[in-house]
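Presented below is the structure to which this report refers.
Each chain gets a letter, A, B and so on, in the order its sequence line appears, and its residues count up from 1.
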Amino acid sequence: MGIFERDTDIYRDRDALREDYQPEELVGRDEELRAYQTALQPVINAEQPNNIFLYGKTGVGKTAATRYLLSHLKEDVKQYEDIDFNLVFLNCDGLISSYQIATRLVNELRDDSNQISTTGYPRSSVYEMLWEELDELGGTVLVVLDEVDHVQDDSILYQLPRARANGNLSSTKIGIIGISNDFSFRDDLSPKVKSSLCEQEIHFPAYDADDLQKILTQRATVAFYDDVLDDAVIPLCAAYGAKDAGDARQSIDLLMKTGDIARDDNSEIVTEEHVERGRRNLERGRIEEGINGLTQHGHLVLYALLTLDLEQETPVRSRDIRPRYSLFAERAGRDPLVPRRMRDHLSELAMLGLISVTERNEGRRGGTYREYDMDMSPELILSALDDVLNDVGVHESVKQHLISDTESEETTALTDFS
DNA sequence: CATCCACTGGAAAGATAGGTAA
DNA sequence: TTACCTATCTTTCCAGTGGATG
């Protein structure tokens, strides 16, 4: 008998819940799609394409709409022989500078044998290479920059649309599609960039719970067999996504996680309880991911706050976190950071949603300061912080906590440290 | 109403670590 | 090897903030 066995399945096609799944129809985005299509029309007419700027919160269908329309465009363009259409798609997540974008674009355009490193070249030579590659391509080129709001300086957003006017490109017609999660990004652009990049703007509003239910139903019909979903499942997942952002991605992820959990259970139907477990599971993943991305000092600061929390000292101001943090830093054999920097780490933790901040102002006697509090359960954070525990040892308060809470199995393994 | 507390958060500059090119 | 690139994390400095207080 083998180790592996095919699951008794509730899924007809689980892939329909994945991020890269392309549905036949986009639900609830009719108006936006129409505007988008109009903006893309010049490509078909073999004219200089518009620069298009899409904005809206995460998971409201910006990228999906782009993929959907551009794949159709690519098809439809084939019937006209005089159009040479090329598409460059780049997700700018994690890219902070124009320089990085330029290098990625060059790599995107070149074949694998000829890639360049992402650091080291003078800025101007990277741009040189970029113009060269673009010009070689010829025809109409659409450059899609997904999540452009991550970029801090806008030099490339200035350079790209004007490359032709500046004589860097001779034959290629270039159009830029910028996709941004952050509406204020547009306002922060310098006026000259704004005028060229934002020729056509399309706003994607958040989905409401109704839209989300329709979307989930559409996906679920493909993904699951009939009648395996409890009636409450889809509304619950929709509510989860609608709660703070109208985010379809979040809802669909939850639906998939829920389905996976039900399948693990060998359950033949998916219930409300599976949704609840799925929600917790996603939350946990989010925390671990956040913590893993921090530096060691970030961990030390978090651990300091955690121990203070277990001692019921929270909410606590940064001044009072510092001695504890310094102690841990020294035990870990690192020089403690200067207070200013420690506060930066605290702000970062707050941004990840791991801790919460309250601003206080006691006026003339107390001045303005911020108070920090744990937002997550200590167990969850401890399990993601095990490397710190190795370095500084388990603090007294954590030991206390673990003794008083004997059910927690995965953390009891750590009590051996001194 | 002006003052002032004690922190916040922006900015500049340093240190270090990666890379190319010649 | 030297000369030059950028990225990332850090320190240093300091103007700004806003509500209680006199």
Side-chain angles (χ1 to χ4, degrees), chain A residues 90-110 112-133 147-159 182 184-185 187-190 290-305 308 313-326 328-330 332-352 355-373 387-388 391:
Chain A
L90 181 69
N91 189 320
C92 305
D93 189 17
L95 308 180
I96 314 178
S97 63
S98 291
Y99 182 89
Q100 290 181 324
I101 297 203
T103 57
R104 301 306 146 96
L105 281 176
V106 170
N107 280 341
E108 193 79 14
L109 291 164
R110 290 192 173 175
D112 292 340
S113 59
N114 206 8
Q115 302 273 297
I116 60 171
S117 152
T118 53
T119 57
Y121 296 97
R123 174 186 296 258
S124 59
S125 29
V126 175
Y127 280 146
E128 270 317 308
M129 292 184 229
L130 183 55
W131 307 141
E132 215 168 277
E133 294 301 325
E147 315 199 38
V148 278
D149 47 322
H150 289 117
V151 186
Q152 312 252 311
D153 78 306
D154 48 16
S155 104
I156 191 144
L157 301 178
Y158 179 65
Q159 297 280 346
D182 181 3
S184 62
F185 173 73
D187 299 326
D188 295 339
L189 291 172
S190 61
I291 291 180
N292 284 335
L294 296 172
T295 61
Q296 191 193 7
H297 282 296
H299 291 163
L300 291 168
V301 172
L302 180 59
Y303 188 45
L305 186 63
L308 288 167
E313 299 287 332
T314 49
V316 57
R317 47 161 69 190
S318 71
R319 185 169 59 184
D320 301 325
I321 300 175
R322 191 162 164 75
R324 180 65 55 89
Y325 156 73
S326 303
F328 288 163
E330 264 163 47
R334 306 290 303 267
D335 291 335
L337 295 176
V338 103
R340 173 72 182 85
R341 187 68 189 130
M342 196 188 81
R343 289 204 308 270
D344 274 348
H345 278 118
L346 283 168
S347 311
E348 202 181 337
L349 292 171
M351 211 140 64
L352 287 169
I355 69 182
S356 61
V357 192
T358 333
E359 230 154 282
R360 313 254 328 202
N361 191 337
E362 313 238 307
R364 201 169 181 172
R365 245 207 330 245
T368 318
Y369 59 93
R370 307 170 85 195
E371 280 185 334
Y372 299 89
D373 205 344
D387 64 319
V388 180
D391 287 339

Candidate pair A:Tyr369 and A:Ser318, rule side-chain contact (heavy atoms from CB on, under 4.5 Å), full reasoning: CA-CA 8 Å; A:Tyr369 59 93; A:Ser318 71; over 6 Å; no
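The interatomic distance linking A:Glu359 (CD) with B:dC7 (P) rounds to 13 Å, in whole Å. The interatomic distance linking A:Ile101 (CD1) with C:dT6 (P) rounds to 16 Å, in whole Å. Look at CD1 on A:Ile321: it is 18 Å from P on B:dA6, rounded to the nearest Å. Rounded to whole Å, the distance from CE on A:Met351 to P on B:dG9 is 11 Å. With rounding to whole Å, A:Arg104 atom CZ is found 12 Å from C:dT6 atom C1'. To the nearest angstrom, P of B:dA21 lies 14 Å from CD of A:Glu128. What separates OH of A:Tyr99 from P of B:dG19 is a distance of 13 Å, to the nearest Å. Between A:Glu371 atom CD and B:dT8 atom C1' there is a gap of 15 Å when expressed in whole angstrom units.
The two residues A:Val338 and A:Arg322 make their nearest non-hydrogen contact at C-NH1, 4.0 Å. Nearest approach of A:Leu109 to A:Glu133, heavy atoms of both residues: CD1-CB, 3.7 Å.
Among A:Arg364, A:Arg360, A:Arg365, the one residue that satisfies the salt bridge (charged side-chain N to carboxylate O under 4.0 Å, His left out) test with A:Glu362 is A:Arg360.
At B:dC7, one or more side-chain N or O atoms of A:Arg317 fall inside 4.0 Å of OP1 or OP2 (strictly under the cut-off). Regarding contacts with the backbone of B:dG9, a side-chain N or O of A:Arg370 is found under 4.0 angstrom from either OP1 or OP2.
Judged by distance alone, the side chain of A:Tyr325 and the main-chain N or O of A:Leu337 form a donor-acceptor pair under 3.5 Å. Remark: side-chain polar atoms of A:His297 are not paired, donor with acceptor, to backbone N or O of A:Met342 under 3.5 angstrom.
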Please tabulate the protein-to-nucleotide N/O contacts below 3.5 Å involving nucleotides 9-18 of chain C, giving atom names and distances.
{"from": "C:dT10", "atom 1": "OP2", "to": "A:Arg341", "atom 2": "NE", "distance (Å)": "3.2"}
{"from": "C:dT10", "atom 1": "OP2", "to": "A:Arg341", "atom 2": "NH2", "distance (Å)": "3.0"}
{"from": "C:dT11", "atom 1": "OP2", "to": "A:Val338", "atom 2": "N", "distance (Å)": "3.1"}
{"from": "C:dG18", "atom 1": "O4'", "to": "A:Asn361", "atom 2": "ND2", "distance (Å)": "3.4"}
{"from": "C:dG18", "atom 1": "N3", "to": "A:Asn361", "atom 2": "ND2", "distance (Å)": "3.4"}

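A:Asn292 CG: more than 12 foreign heavy atoms inside a 6.0 Å radius.
In this structure, A:Ser318 reaches the sugar-phosphate backbone alone: every heavy-atom distance under 4.0 Å involves primed, P, OP1 or OP2 atoms, never a base.
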